[in-house]
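Notes to accompany the following structure.
Throughout, numbering of the chain's residues begins at 1 and tracks the sequence.
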Amino acid sequence: MVILRLQSPDHPAIKNLFQQADHRSASLYPGLDRSGTSAQHLIAQGARFFAACDKTSGQIVGCGGYVPMPDHGTEVPDMLPSPPAAGQGAGTVEIKRLFVDPLARRQGIARQIMVCIEDNARKSGCQAIYLETGVKSTAAILLYQSLGFVRCAPFGPYQDDDNSVFMRKPLVAENTITEAFT
């Protein structure tokens, strides 16, 4: 069981998780730079970042967060559109650096982090969450699909990367859900 809390991405335990994630990516994609966003860049982007802390030891065993996305957009037939063009809506965020220590996996920690991120983004007024992951990250793709994410058009700096999978999930405001049942 874990406790989720806001945490700066430059915390030493989080940086250690980043190193583990980058090492894993390097082993999955030899010869390609698939390293994730740095702690400093996340801070500069205004990330909302969360740590999953083991209830017993207090040790940080997982992390993840989100950053606001710039307004831009493209449409690809048979796929959900990428983020809206300027003036067509705002409130989109991108998941960054979701990772769980290999020794703490298979306990639902990544799911808990994602639910926390979603709830926080929804309460902040976000309309949709986007993410990019690697084509070889099968477990991650299955997790995202189980949470309601669907593939969408490429976006961001990795839109030309054949090793990327792009996904999106619209968020429904909490009061919209409540109003539907009253």
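- At a threshold of 4.5 Å between side-chain heavy atoms, the hydrophobic network of Ile, Leu, Val, Met, Phe, Trp and Tyr places L4 and I129 in one connected group.
- Between the side chains of S146 and R111, a donor-acceptor pair is found at a separation under 3.5 Å.
- Cluster annotation: I109 is not connected to L17 through the hydrophobic network of ILVMFWY side chains, with a link wherever side-chain heavy atoms come within less than 4.5 Å.
- Each of M114 and I14 belongs to its own hydrophobic cluster when Ile, Leu, Val, Met, Phe, Trp and Tyr are linked at side-chain heavy-atom distances under 4.5 angstrom.
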Notebook entry, point to check: Where do R24 and Q20 land on the side-chain contact (heavy atoms from CB on, under 4.5 Å) test, with the steps shown first?
Noted result: CA-CA 6 Å; R24 180 178 180 278; Q20 289 181 51; over 6 Å; no
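- Minimum interatomic distance between Q107 and Q112 (heavy atoms only, all atoms of both residues): O-NE2, 4.0 Å.
- A 4.5 Å side-chain heavy-atom check between R168 and F155 finds every atom pair outside the cut-off.
- Grouping the Ile, Leu, Val, Met, Phe, Trp and Tyr side chains by contacts below 4.5 angstrom, directly or via other members, places F18 apart from Y29.
- Side chains of Y144 and V165 form no contact here, defined as non-hydrogen atoms less than 4.5 Å apart.
- When every heavy atom of I3 is checked against every heavy atom of K55, the shortest pair comes out as CG1-CG, 3.5 Å.
- Scanning all heavy atoms of the two residues, the minimum distance from Y130 to C152 falls at CD2-SG, 3.9 Å.
- Of the possible polar contacts, none joining the D10 side chain to the K15 backbone as a donor-acceptor pair under 3.5 Å is found.
- Separation of atoms CD (E118) and NZ (K169) is listed at 3.0 Å; rounding is to 0.5 Å.
- Atom CD of E94 is separated from atom CD of Q45 by 8.0 Å, given to the nearest 0.5 angstrom.
- Here the side chains of P154 and D160 are not in contact, with every heavy-atom distance at 4.5 Å or above.
- In this structure, M167 CE and L147 CG are separated by 9.5 Å, a value rounded to the nearest 0.5 Å.
- Between V93 and P68 the shortest heavy-atom distance is CG1-CA, 4.1 Å.
- Here the closest non-hydrogen pair linking G58 and C53 is O-CB, 3.9 Å.
- The one candidate from T138, N163, L98, I141 that meets the side chain to side chain contact (heavy atoms under 4.5 Å, CB included) condition with T133 is I141.
- Across all non-hydrogen atoms, the minimal contact from V67 to A47 is CG1-CB, 3.6 Å.
- When side chains are defined from C-beta on, Q19 does not count as touching H23, because their heavy atoms never get closer than 4.5 Å.
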Next item on the list: Go through the steps to decide whether Q159 and E132 satisfy the test side-chain contact (heavy atoms from CB on, under 4.5 Å), and finish with yes or no.
Entry: CA-CA 9 Å; Q159 59 189 326; E132 178 273 341; over 6 Å; no
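- A cation-pi contact, defined as under 6.0 Å to the ring centre and within 45° of the axis, is absent between R97 and F50.
- One hydrophobic cluster, built from ILVMFWY side chains closer than 4.5 Å, holds both L42 and I60.
- Between Y158 and F166, the ring planes are tilted. Angles from 30° to 60° get that label.
- If you take CG on L28 and NZ on K136, they are separated by 6.5 Å, rounding to the nearest 0.5 Å.
- In this structure, the separation between CD1 on I113 and CZ on F99 is 10.5 Å, given to the nearest 0.5 Å.
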